[in-house]
Engineer: 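One structure is given below, represented as structure tokens, and several questions about it will come after.
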Amino acid sequence: MPELPEVETIVRGLQSRVAGDRISSVWIGSRKQPLKSSAAKIVATLTGKKIARVHRMGKHIVLDLVTSAASSKKIPDAQWVVHLGMTGRMLVCEPEIETVKHTHLSATLASGRELRFIDARMFGKLAVAVPGNFDPGGVEPLEVDPAVFQELFRGRKTPIKSALLNQKLLRGVGNIYADEALARVGIRPRRKASAISREDLTKLHGAVQAVLREAIKLGGSSVSDYVGADGEEGFFQLQHRVYGREGEPCLVCATPIQRVVIGGRSSHFCPKCQK
DNA sequence: ACTATTTCCTGGATGC
DNA sequence: TGCATCCAGGAAATAG
């Protein structure tokens, strides 16, 4: 399930592989579910445009598109916004590569390659936007300073785990990294966000940033069917201390890791180390 | 203004 | 082996 580090890895791969290339034609499948804009609008917006830059906003992939040959302009003409949901992939490949099931869009590039959006479970989303109009809300976890981070949780009665997952507060943190960050600072996922001390929130801010940075360095976590733009796997899953380790010993105290459901999400923690 | 719950969707794992 | 059932999860929608 792509969260911030996985999306960042994919974005870097796309930036190096397709930035500067031009979209010569677009094919869109019949499924409506993944489309946030109409198929006609997506085709019309993408066709003929050059991909000036690929960047990330939270868990969204944003491709800046320009019409002119010269890419010196600062403001793109349009943006192509992609959310991978749980199982979404952005594949860059040669046209001879067989189109797999659940391919919802394929963009043929001037270089001859194809950029394909594939998503089995269809929680992913495709949209086009006018530059400046797309704002997923929330703050970037790697850019927010500790004071602003603390303010996000003031007065919130919801469990800290749920608050960390709320994209309108913090954008990009998902289930894996929320659990991992909480484990690193010894906070139980069920603690009310408003009940966490200033010092602990400062520590949590540091842990969220550390865990995301470390994961980006390792190319993200490959669990489920996540792979990067080249199909390569990440390796941060080898660093997980609690996520997916129910019943296994805590790496610090050997107490079995517990799994509980909070807000419909499985949450993992050490009952001894996390209070 | 919040918060909690439900819904979408399909592949993989599990159980009989 | 095969079939049914459960489960995973991001975020939008709904209900309270």
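Computed from heavy atoms alone, side chains included, the values below leave out hydrogens, waters and symmetry copies. Order of the sequence lines sets the chain letters (A, B, ...), proteins ahead of strands, with each chain counted from 1.
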Engineer: Within this structure, what is the CG-to-P distance between A/Leu35 and B/dC9, rounded to whole angstrom?
Structural biologist: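 Rounded to the whole Å, the gap is 13 Å.
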Engineer: Could you tell me, to 10°, how much the axis swings from one end of the helix from B/dC2-C/dG16 to B/dC16-C/dG2 to the other, five pairs per end?
Structural biologist: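 The end axes of the helix from B/dC2-C/dG16 to B/dC16-C/dG2 are about 50° apart, to the nearest 10°.
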Engineer: If you look only at distance, which donor and acceptor atoms sit under 3.5 Å apart when one is on a side chain in residues 251-264 of chain A and the other is two or more places apart or in another chain?
Structural biologist:
from	atom 1	to	atom 2	distance (Å)
A/Arg259	NE	A/Glu246	OE1	3.4

Engineer: Can you give me the N/O atom pairs linking the protein to nucleotides 2-6 of chain C at distances under 3.5 Å, or say none if there are none?
Structural biologist:
none

Engineer: Could you grab the distance from atom CD1 of A/Ile23 to atom CH2 of A/Trp80, nearest 0.5 Å is fine?
Structural biologist: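 Atom-to-atom, A/Ile23:CD1 and A/Trp80:CH2 are 5.5 Å apart.
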Engineer: With A/Phe149, which residues qualify under ring-ring contact (aromatic ring centres under 6.0 Å, His included), at least two apart?
Structural biologist: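 ring-ring contact (aromatic ring centres under 6.0 Å, His included) list for A/Phe149, sorted by chain: A/Phe153, A/His205.
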Engineer: Excluding sequence neighbours, so at least two apart, what forms side-chain hydrogen bond (donor to acceptor under 3.5 Å, both in side chains) with A/Arg184?
Structural biologist: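 A/Arg184: side-chain hydrogen bond (donor to acceptor under 3.5 Å, both in side chains) contacts with A/Glu214.
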Engineer: Considering only distance and modelled atom types, tabulate donor-acceptor pairs under 3.5 Å from the side chains of residues 42-49 of chain A, sequence neighbours left out.
Structural biologist:
from	atom 1	to	atom 2	distance (Å)
A/Thr45	OG1	A/Lys41	O	2.7
A/Thr47	OG1	A/Val43	O	2.6
A/Lys49	NZ	A/Thr45	O	2.9

Engineer: Among residues at least two apart in sequence or on other chains, which ones pass side-chain hydrogen bond (donor to acceptor under 3.5 Å, both in side chains) with A/Arg12?
Structural biologist: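 side-chain hydrogen bond (donor to acceptor under 3.5 Å, both in side chains) check on A/Arg12 returns A/Glu8.
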Engineer: Just to be sure I understand the rule, does A/Arg31 reach a base, reach only the sugar-phosphate, or reach nothing, if contact means heavy atoms closer than 4.0 Å?
Structural biologist: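 The answer is sugar-phosphate, as A/Arg31 gets under 4.0 Å only of primed atoms, P, OP1 or OP2.
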Engineer: Report the distance from atom NZ of A/Lys32 to atom C1' of B/dC8, rounded to the nearest whole Å.
Structural biologist: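 After rounding, the reported distance stands at 17 Å.
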Engineer: Provide the closest heavy-atom pair for A/Gln150 versus A/Leu201 in the form atom of the first, atom of the second, distance.
Structural biologist: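 It is CG-CB, 3.7 Å.
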Engineer: Separation of A/Glu246 atom CD from C/dA8 atom P, in whole Å?
Structural biologist: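 Nearest whole value for this atom pair: 9 Å.
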Engineer: Report, as a single string ordered 5' to 3', how protein heavy atoms within less than 4.0 Å touch nucleotides 9-16 of chain C: B base, S sugar-phosphate only, - not at all.
Structural biologist: BBB-----
Engineer: OP1 or OP2 of B/dC8 less than 4.0 angstrom from a side-chain nitrogen or oxygen of A/Gln33, does that happen here?
Structural biologist: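 The answer is no; no side-chain N or O of A/Gln33 sits under 4.0 Å from OP1 or OP2.
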Engineer: Indicate every side-chain donor-acceptor pair of residues 137-147 of chain A with a distance under 3.5 Å to a residue at least two apart or in another chain.
Structural biologist:
from	atom 1	to	atom 2	distance (Å)
A/Glu140	OE1	A/Arg56	NH1	3.0
A/Glu140	OE1	A/Arg56	NH2	3.2
A/Glu140	OE2	A/Gly58	N	2.7
A/Glu140	OE2	A/Arg171	NE	2.8
A/Glu140	OE2	A/Arg171	NH2	3.4
A/Asp145	OD1	A/Ala147	N	3.1
A/Asp145	OD1	A/Val148	N	3.1

Engineer: Considering non-hydrogen atoms only, spot the tightest contact between A/Asp119 and A/Gly124 and give its length.
Structural biologist: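 Here A/Asp119 and A/Gly124 meet closest at OD2-N, 2.8 Å.
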Engineer: Collect all protein-nucleotide pairs involving nucleotides 2-5 of chain B in which both atoms are nitrogen or oxygen and the distance is under 3.5 Å.
Structural biologist:
from	atom 1	to	atom 2	distance (Å)
B/dT3	OP1	A/Lys157	N	2.8
B/dT3	OP2	A/Arg156	NH1	2.8
B/dA4	OP2	A/Thr158	OG1	2.8

Engineer: Restricting to side-chain hydrogen bond (donor to acceptor under 3.5 Å, both in side chains), what partner residues turn up for A/Asp179, sequence neighbours left out?
Structural biologist: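 By the side-chain hydrogen bond (donor to acceptor under 3.5 Å, both in side chains) rule, A/Asp179 matches A/Lys161, A/His268.
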Engineer: Who are the ring-ring contact (aromatic ring centres under 6.0 Å, His included) partners of A/His83, not counting sequence neighbours?
Structural biologist: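 ring-ring contact (aromatic ring centres under 6.0 Å, His included) check on A/His83 returns A/His60.
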Engineer: With distance as the sole test, does A/Gln79 use its side chain to make a donor-acceptor pair with the main-chain N or O of A/Phe134 at under 3.5 Å?
Structural biologist: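 No, the answer is negative, given that no donor and acceptor are paired below the 3.5 Å cut-off.
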Engineer: Looking at A/Arg17 and A/Val92, would you say the former's side chain and the latter's main chain have a donor-acceptor pair under 3.5 Å?
Structural biologist: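 Side chain of A/Arg17 to backbone of A/Val92: a pair is present.
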